[in-house]
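One structure is given here, and the rest of the page talks about it.
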Amino acid sequence: MQPAESPRAPERPLDLLRSLARTLSGVERVETVAYVVLSLGAAFAGSLAALLLVPLVPLVPLVQPGQTLSFGGALFDPRRSVELQAAIFAAATGAFALLRWQAARLGARLVGRYGMHLRRKVHARLIEAPLTSLADATSAEIANVLTHNVELIVQGFSALQQLLIAGVSAAVSLGFAFWVSPPLLLAAPVLMGLGLLASRAYGREQSLVGRQYVVDMTRLFWHSEDFPRRLRHVRSFEREAAEKANYGAISERLCDGYRRQLELVASGRLMLELLAAAGIAAMFVLAHRWHGVEQSELIAVCLLLGRLLPHLVTTRQSFQQLRSAAPAFELWQRYVNLEPVHASATPSDASAAGAALHVERMRLVPPPGGLEIGGLVLRPGELTLVCGDSGIGKSSLVDVLAGMMAPEVFVARRDSQPIGFDAYRELVRHGAYVSQNVRPWQRSVRECLLWAAPDATDAMLRSALADVGLDKRLADSPHGLDTTLHGASSRLSGGELQRLLLAQVILRRPFLAVLDEATSALDATAETAVLTAMRHRLPQTILIVVSHRPGVAAIADQCLTIGNDLVATVTGRPARVAAVAGSPVGDS
């Protein structure tokens with residue numbers, strides 16, 4: 001099942017701007033309004049400072065002492081002393097700088113919080129998503145969504161801020177310019193049209209470049225995942241050169257994409273600057289030809305419009321960033337729109353301890369064709385072995401037994417009372433699921449164990465470590481429970497990390513524990529010893545173990561074998577060794 005389809009990918013910057021705005025929280029909306037207000041104040045102060053500069057220019061004949069500008073009244077009176085006029089100009093410029101600084105601080109806080117909001121939202125939705133919705137999602141793509149992809153969206157949000165500043169500044173500057181000289185503003189629509197044309201130039205190419213950049217970054221994650229294990233695989237096949245070439249090709253495409261994005265930004269900036277130069281020159285000619293336009297008004301308007309030039313360049317760059325953020329935002333939306341698993345508010349029934357679960361019939365898909373299970377009895381304190389060929393449905397089966405995936409058909413009872421799958425899922429909700437490829441992500445042994453049992457004492461932690469045979473390893477470490485998991489001087493092996501995860505299960509004391517190849521890194525003797533210790537320590541826990549080793553059958557209470565014909569058979573103590581003896585050894 002594919003992840004939920006997101007709305008149509010925004011193809012235009014304005015569409016993306018609206019989509020980004022809809023993701024803002026209430027507090028972020030309020031702060032965005034405050035950001036706009038501060039930017040408006042800064043634009044007003046900046047424009048005022050530009051106009052105050054005109055009476056200070058002694059080379060303009062029409063603003064010499066004894067004459068008054070046709071706008072601004074007493075505020076721009078050139079008969080005022082130069083010192084006082086300079087002080088007023090300095091005050092306006094200082095206000096502009098202060099307001100712009102405060103707006104920048106608020107904008108930085110907004111961008112940081114927005115990135116945190118995006119990461120938390122998509123991570124929470126992935127945690128809540130049903131397993132079936134992630135079946136076709138690659139781990140590299142999910143890793144990209146949770147890391148680099150959000151950075152591209154945050155850059156788009158920052159571009160949105162720059163667009164707000166540019167819009168506010170343009171509105172204020174044009175308003176002042178219209179107040180100074182309405183006739184000169186007749187050229188504004190033409191200039192704005194040319195600017196809009198320049199901002200849309202290369203838009204389609206920028207969108208394609210940004211989309212390819214996201215795709216290549218995801219491919220790069222594939223080359224980065226679990227690198228030490230991947231390195232062993234590459235070296236054993238003597239494919240170092242091919243690996244370098246493949247990684248280098250992706251890096252080259254990323255380089256070309258990044259280079260092209262910067263080139264497009266530079267090209268757009270060049271077009272805007274050339275248009276601005278032509279526009280201002282045209283205004284000079286217009287003022288010269290148009291009798292009655294004061295030179296002071298011309299200078300004031302040119303100063304005001306000159307303030308817009310940096311904003312025009314920024315606007316162009318902001319639109320480019322929005323186009324680059326579009327594919328990243330589309331990918332983020334695809335995962336954030338996943339429907340969550342609706343957990344029941346009913347607490348798990350504590351009286352379930354000691355009660356056997358009789359699964360009379362269960363049908364699940366995948367595997368293709370469906371898998372039928374019947375006559376399976378799950379009793380607390382007993383160990384059920386699940387075995388069969390690779391890709392035959394063992395992982396799907398244990399996902400259902402763990403309550404993480406709903407089957408097509410489920411008929412079961414508990415204490416002679418029939419129960420549906422929702423009720424079953426509530427019974428096994430206090431569970432533990434450990435698979436073969438999960439590695440602890442915590443920093444230390446203590447942190448890893450306390451993650452599973454926050455209230456456990458040090459004595460309880462050491463006892464669980466002794467049960468899984470990890471106590472002697474830590475006794476040799478000078479840091480004890482604070483031994484780091486991935487440090488160069490105290491790195492734990494793959495088998496030791498699996499033992500640590502099994503200690504988590506003991507501390508959790510679950511109603512049902514699923515160990516999907518969770519002992520694969522241990523040798524056969526150690527595997528049997530650890531599983532025996534776990535069954536002894538967890539007398540109220542249903543243990544379900546996926547393994548291919550015949551030795552596990554010797555301690556299992558029943559074996560569920562999935563044949564190549566997708567027929568599952570459940571055998572008890574007398575026949576379980578024979579049933580498992582022919583099971584091939586392979587990965588689950």
Side-chain angles (χ1 to χ4, degrees), residues 1-7 9-10 16 18-32 109-158 160 214 217-218 221 225 325-348 399 402-406 422 425-426 428-435 437-443 447-448 450-454 501 504 508 510:
M1 181 178 176
Q2 293 284 356
E5 291 294 329
S6 65
L16 179 61
R18 296 189 190 100
S19 298
L20 286 172
R22 284 195 292 268
T23 61
L24 293 174
S25 65
V27 174
E28 289 166 343
R29 291 176 188 270
V30 171
E31 290 192 343
T32 299
R109 187 163 64 247
L110 263 172
V111 170
R113 186 185 295 118
Y114 184 69
M116 175 189 69
H117 166 71
L118 291 181
R119 294 184 193 282
R120 285 182 172 178
K121 188 171 183 179
V122 72
H123 182 264
R125 189 50 54 92
L126 283 167
I127 290 293
E128 297 168 356
L131 292 177
T132 51
S133 65
L134 302 178
D136 295 325
T138 66
S139 58
E141 184 176 81
I142 294 175
N144 190 19
V145 169
L146 293 172
T147 52
H148 179 76
N149 194 69
V150 173
E151 291 300 317
L152 295 178
I153 305 174
V154 171
Q155 290 175 14
F157 182 69
S158 180
L160 187 150
V214 172
M217 187 58 68
T218 299
F221 270 91
E225 280 191 315
F329 189 69
E330 176 190 2
L331 185 61
W332 181 86
Q333 280 187 313
R334 190 193 327 157
Y335 284 94
V336 86
N337 288 334
L338 292 173
E339 288 296 328
V341 173
H342 298 289
S344 172
T346 306
S348 187
D399 281 344
M404 295 186 181
M405 187 173 74
D422 288 341
R425 180 158 45 197
E426 286 305 309
V428 302
R429 190 169 65 178
H430 183 76
Y433 193 123
V434 181
S435 61
N437 296 321
V438 172
R439 295 182 302 277
W441 56 91
Q442 295 85 2
R443 290 172 296 181
E447 185 179 338
C448 180
L450 290 179
W451 179 86
L501 293 176
Q504 282 186 336
R508 167 77 167 159

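None of the values given here were measured: they were computed from a predicted structure. Hydrogens, waters and symmetry mates are skipped; everything else that's a heavy atom, side chains included, is used.
Residues that satisfy the side chain to side chain contact (heavy atoms under 4.5 Å, CB included) test with M404, not counting sequence neighbours, are L131, A402, Y433. In terms of the side chain to side chain contact (heavy atoms under 4.5 Å, CB included) criterion, residue partners of L501 (sequence neighbours excluded) are, by chain and number, V434, V438, P440, Q504. Every residue meeting the side chain to side chain contact (heavy atoms under 4.5 Å, CB included) condition with A406, not counting sequence neighbours, appears here in chain and number order: F421. Shown here are the salt bridge (Lys or Arg N to Asp or Glu O under 4.0 Å) partners of E31, two or more places apart in sequence or in another chain: R113. In this view, R109 satisfies the salt bridge (Lys or Arg N to Asp or Glu O under 4.0 Å) rule with no residue, not counting sequence neighbours. Every residue two or more places apart in sequence or in another chain was checked for a side-chain hydrogen bond (donor to acceptor under 3.5 Å, both in side chains) with T147, and none qualifies. Take E151 and apply the side-chain hydrogen bond (donor to acceptor under 3.5 Å, both in side chains) test, not counting sequence neighbours, and it matches R119. Contacts of R508 classified as salt bridge (Lys or Arg N to Asp or Glu O under 4.0 Å), with partners at least two apart in sequence or in another chain: none. Listed by chain and residue number, nothing satisfies the side-chain hydrogen bond (donor to acceptor under 3.5 Å, both in side chains) test with R125 (two or more places apart in sequence, or in another chain). Partners of V336 under the side chain to side chain contact (heavy atoms under 4.5 Å, CB included) rule, at least two apart in sequence or in another chain, are K121, W332. Remark: N149 engages no residue in a side-chain hydrogen bond (donor to acceptor under 3.5 Å, both in side chains) (not counting sequence neighbours).
We find the CG-CG distance between L160 and L24 to be 7.5 Å, quoted to the nearest 0.5 Å. Taken from CD in E141 to CZ in R334, the straight-line distance is 4.5 Å, to the nearest 0.5 Å.
Contact of the T23 side chain with the I153 side chain is not registered, since no non-hydrogen atoms from C-beta on lie closer than 4.5 Å.
In plain terms, the two heavy atoms of L338 and A129 that are nearest each other are CD1-CB, 3.9 Å. Here the shortest heavy-atom pairing between G115 and V154 reads CA-CG2, 3.5 Å. Taking each heavy atom of P340 and P130 in turn, the nearest pair found is C-CD, 4.3 Å.
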Inset, instruction - Please test V150 against L146 for side-chain contact (heavy atoms from CB on, under 4.5 Å), starting from the C-alpha separation and ending with a verdict. - result: CA-CA 7 Å; V150 173; L146 293 172; over 6 Å; no
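A donor-acceptor contact shorter than 3.5 Å links the side chain of T32 to the backbone of E28.
The stretch residues 109-146 participates, sequence neighbours left out, in these ring-ring contact (aromatic ring centres under 6.0 Å, His included) pairs: Y114-F157.
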